Structures are given as C-alpha cells and as structure tokens.
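Encoded as structure tokens, the structure appears first; notes follow it.
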Amino acid sequence: MKQCITTLALAACAVPAGAATLSQQVDEWIDATKKAFVVYDNQNTFVRKVRFSWREQFQMAVVQPNGSNGQHLKQSASPYNQEFRRSWLSLTVDTRTKTTFRAWFRVGGLPDRETYSNGRTKRNFTYANFFELWVKQEITPVKGLSVQAGKIKSLFTTDYITSSAAIYCVERSILSQQFGQDSNWGIDLTYAPNKTDKVYLQLFANDRASASKSLSHPDVYRDGRGLKGEFGWEDRCYTIVGASHRYNVQESGYQQVSAQFMHDFNNAYHGKAPGANNYGLGFKDAISLGYDVKKDRLLVQTNLVAAFEQQGGNGTNNVGIQIQPVYSLTPHMDLVFRYVGMTGHGACKLGADRYICTQTTASGWVDSLHTFYLGADLYASAKDKDAAKMMLGVEYATARKGGSDCYNGWEFTTAFRWNF
C-alpha cells in the first residue's frame, strides 16, 4: 500500500527530474500486468481469446454531522469507517462466432464496514455473488447489432452508464444511487452501428420477495445469500430504453446527448419498500436526460432525472439534477466538483448515500436534499488513468423533511483503486 501511495504521489506531482522515466516505467508495468491477464490469444482457433480482469477499491470515510445534527451520529461507535468497496475478478471468453461469455465475481463488505440498524451498531455482513454472468452474441448480418442474456448491468442515469472503474468521484452520486439499478437478470438488445451512436432495450426481472418467505426459497435475500435477482414466483419485470449520440467530435473534445426511459410493470411491493435487496425503480416511470461537453482539459457532465408515481409510499414524484465539471490540472491529476439536488415529498432517498445512512440515524427518505462534492484524482499513469489511482473527496449534504432541516453535515472519503 505504501509503495502504491508513493507512486501515485510522485506521478501526480510530475517532478521534472526523472519524472518521464518514472512515468514510462509505470506505463510499462501496467501494460505487462494487463498482458499477463490474457491467458490465451489465438485468432485461428474457435476460442480466440481468454482473459481475466481484476478490480479492487479500498476506501476510508468519516461522517461529521453539523451542530445539533450530531444527535444523528450512531451510538457507541466512531464516525470513521473503512472497507474494501470492490473486490472483483472477471473471466471473458471470445469465440470465432462473435460470441462472448463473461463472469464478473465480486466480494463486498470487507473487511468489516459498520452499519447502524434498529438503534444499534453492528458489523456489516460480507457478501459474494456474480455482478455479471452473461452471454453476448453479435448479429453479424446487421453491423453493430447484438443480443445479451444473463445477469447484466442496467443502463440508467449518466453515472451508472459509466463503468465503476472510470467514475470521477469516490462514490456515485445520491441521484444515481437512488435511480440507477444494480446488475440483474435479463436481456439486452443493442444497436451501435458506429462509435458515436447507440440505441438499446433492456428487460429485467423485478424481484419483490416478501420478508415472510421461507429461507429455503431461492429469492430470499438475507446476509448476502443467493444470487440477488433470481427469478421466482413473485417476480415481475421492468424495462429500460436508451439512446446516445456524440457529435462535434474533434481532437480537443466532443458533445454528447443521452436519454433513457424506465418503466416498472409491477407496482406492488408486498409491503416492503424498495432497497438494496429489492430490484426495480421504486417509481412507475422515470426519464433520464444527459448532456456532456468536453473541451480541451474541461469535461462537464449534466444529468436530469424525473421519476413519477412513487410505489410503496405516498405516490409523489421526484425531480433531480446532477452537474459535474472535471478539470485535468495535469496528465496525472483531475479536479472534480459535483452538485446534486433533488426534490419530492418523501421521495428523496438520503439513505442512498453509502455512509450517511450507515453512520447516522437520520431519516432515509426526505423531501429535498442537496450535496456538494469537491475532490482530486491522482493517477499513476497518464496513459491508462483507471489502472491505478488515489481519489480524495469531501462532500457536504443537507436535507429537509416536513419543512425543517433533518440532516446536514460533512463526509470525507479517500479511496485507492486499481483495475487490470
């Protein structure tokens, strides 16, 4: 860990003497590591390539409520937390028939993130499951057309379309955490005839397993058991339709517009509110509109989300916006700012934040909330930024419920990521 921190710091500072040599050495080491993960590569056989991928993220966080909000801090525990946020290993197999198989296995909850539940502090459980487990087939008569089936990633909101290895903040925004879905069992039909245009349709299982179900039932979620999202007798489904178009593509930048529509076909929650173990939007319909513009060193991403007819609640709507400018200060350092605002009577999920909800007793659902994030990302390699990086972030959150403040405070996070 110390060696990783030293490498990141030296690369970020870009010291003139010897910096180029160090940067070249890091690039060569990353290239060699990725090459080592390719265990088979022969274009003349039926199985053309077999490769592994490895992704890790260790992070630390401190939650500090303001003033009287200190009463929301969990009892008998420090506001400090640490965990291996991601520990993933994948296997990808490509064949001559344009068929791809992928299995992403993940372990979470390591070593022991603390949570606050039912008036007491407890250790967070460790879970293990497949984040992705799918087969993808390219339909060769139609260029850019493919069909994918299995456990796949949902593509809704600008943040969730972006790979977890490439996001600019330590955690995705509260907006995307509320409306973006975890991977789930379903099918995906995508048409991407070129590098600038993409249209897709996704259909997923929507499990609303009740708490009274027998532990032997395959849909029960308790302490991370099961594959999460398995089909069962209570399942319904939800669908996502999306499209994106990139234009004004130049060496200095581009512009991109994107849109997604999500519809939930099952509006009954069996008396159980949507959460981490319940798939589906939590609203009947939702629309996400994104606009990105990149010019030289500056990238600005915006996302507007509107959700209608909250389910399992009071039926109100929700409107949220995310604005995220990223400025490349040096090839080894990015500065990031993010603003998120949401409003909707009892329809804004403060509990979508990873640490506020686990470190405090504040209400999980509020009428409005705003967050302001400021961070810096330090990259070991300018050539492959997402291979190894250190992320520093501070975020201020404020929420109101019933016409008065119900929570406000600071959150400080640091993460170390590597992705090969």
Side-chain angles (χ1 to χ4, degrees), residues 4-31 33-34 55-57 59 86 157-173 175-176 195-196 244-258 290-303 321-340 371-396 412-420:
C4 179
I5 296 174
T6 302
T7 302
L8 289 166
L10 290 174
C13 293
V15 181
T21 302
L22 174 61
S23 180
Q24 291 173 358
Q25 291 176 347
V26 171
D27 291 344
E28 291 173 359
W29 180 80
I30 290 174
D31 289 341
T33 303
K34 289 192 172 184
R55 185 177 300 173
E56 291 281 347
Q57 177 177 333
Q59 66 188 51
R86 292 176 176 86
T157 75
T158 301
D159 239 354
Y160 256 87
I161 289 176
T162 305
S163 168
S164 60
I167 58 177
Y168 290 98
C169 300
V170 175
E171 291 286 350
R172 302 186 195 271
S173 70
L175 180 69
S176 63
K195 294 182 179 181
T196 60
S244 63
H245 172 61
R246 182 170 292 191
Y247 58 101
N248 288 345
V249 179
Q250 303 173 11
E251 185 177 351
S252 60
Y254 60 85
Q255 291 175 271
Q256 179 171 297
V257 292
S258 60
Y291 173 71
D292 298 351
V293 56
K294 186 180 187 305
K295 182 66 175 179
D296 298 323
R297 295 186 176 188
L298 180 64
L299 168 66
V300 180
Q301 298 177 310
T302 58
N303 192 196
I321 189 172
Q322 175 177 334
I323 302 174
Q324 181 175 290
V326 180
Y327 182 76
S328 181
L329 189 65
T330 76
H332 293 274
M333 178 185 290
D334 287 344
L335 301 180
V336 186
F337 174 78
R338 181 178 69 196
Y339 165 73
V340 174
T371 65
F372 304 86
Y373 177 100
L374 182 63
D377 300 336
L378 310 179
Y379 306 103
S381 169
K383 176 184 175 183
D384 192 344
K385 288 187 172 183
D386 298 325
K389 58 188 176 183
M390 179 170 66
M391 309 176 76
L392 308 171
V394 56
E395 187 167 35
Y396 181 78
F412 304 89
T413 55
T414 301
F416 301 91
R417 294 188 181 210
W418 52 97
N419 181 66
F420 299 104

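Along the sequence shown, the residues carry numbers beginning at 1. Just so it is clear, the model here is predicted, and its values are computed rather than measured.
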Next on the checklist: Any carboxylate oxygen within less than 4.0 angstrom of a Lys/Arg side-chain nitrogen, looking at Lys34 and Asp384?
Outcome noted: yes
Checklist entry - Taking side chain as C-beta onward, heavy atoms only, is Glu28 less than 4.5 Å from Ser23? => result no
Checklist outcome for this item: Heavy-atom nearest pair, Gln57 first then Ala415, reads NE2-CB, 3.9 Å
Checklist entry - Roughly how far, to the nearest 0.5 Å, is the CG atom of Leu299 from the NZ atom of Lys294? => result 7.0 Å
Checklist entry - Between Val26 and Ser381, which heavy-atom pair has the shortest distance, and what is it? => result CG1-CB, 4.2 Å
Item to check | Residue pair Tyr291 / Asn303, side-chain donor-acceptor N/O under 3.5 Å | outcome: no
Checklist outcome for this item: Value for OH (Tyr339) from CZ (Phe372), rounded to nearest 0.5 Å, stands at 5.5 Å
Next on the checklist: If I compare all heavy atoms of Tyr379 with all of Lys385, which pair ends up nearest, and what's the gap?
Outcome noted: CD2-O, 3.1 Å
Checklist entry - For the side chain of Asn248 and the backbone of Gln255, is there at least one donor-acceptor N/O pair under 3.5 Å apart? => result no
Checklist entry - Would you call Asp386 and Lys389 a salt bridge, using N to O less than 4.0 angstrom? => result yes
Next on the checklist: Ring of Tyr168, cation from Arg338 - is the NZ or CZ under 6.0 Å from the centre and inside 45° of the axis?
Outcome noted: no
Next on the checklist: Taking Lys383 first and then Asp31, would you say they form a salt bridge - that is, a charged N and a carboxylate O separated by under 4.0 Å?
Outcome noted: yes
Next on the checklist: Using side-chain heavy atoms (C-beta onward) and a distance below 4.5 Å, is Arg172 in contact with Tyr160?
Outcome noted: yes
Checklist entry - So, for Gln59 and Val170, which heavy atoms are closest and what is the spacing to 0.1 Å? => result OE1-CG1, 3.8 Å
Checklist outcome for this item: Output for pair (Leu392 CG, Thr413 OG1), nearest 0.5 Å, gives 8.0 Å
Checklist entry - Checking Thr330 side chain against Met333 main chain: does a donor-acceptor pair fall under 3.5 Å? => result yes
Item to check | Aromatic ring pairing Trp29/Phe420, orientation class (parallel under 30°, perpendicular over 60°, tilted between) | outcome: perpendicular
Checklist entry - Where do Leu175 and Ile321 come nearest, in terms of heavy atoms and distance? => result CD2-C, 4.0 Å
Next on the checklist: Rounded to the nearest 0.5 Å, what separates atom CG in Asp296 from atom OG in Ser252?
Outcome noted: 5.0 Å
Item to check | Distance-only side-chain donor-acceptor flag, Arg417 / Ser164, under 3.5 Å | outcome: no
Checklist entry - Is it the case that Gln301 and Gln322 place a side-chain donor and acceptor less than 3.5 Å from each other? => result no
Checklist entry - Distance from Asp377 atom CG to Leu335 atom CG, nearest 0.5 Å? => result 8.5 Å
Next on the checklist: Using the rule given for side-chain contact (heavy atoms from CB on, under 4.5 Å), can you reason through Phe337 versus Tyr327, listing the C-alpha separation, both sets of side-chain angles and the distance that settles it, and then say yes or no?
Outcome noted: CA-CA 9 Å; Phe337 174 78; Tyr327 182 76; over 6 Å; no
Checklist entry - Of all heavy-atom pairs between Ala382 and His332, which one has the smallest distance, and what is that distance? => result N-CE1, 3.5 Å
Checklist entry - So do the side chains of Val336 and Cys169 get within less than 4.5 Å of each other, counting heavy atoms only? => result yes
Checklist entry - When rounded to the nearest 0.5 angstrom, what is the spacing between CD1 in Ile167 and CD1 in Ile161? => result 14.0 Å
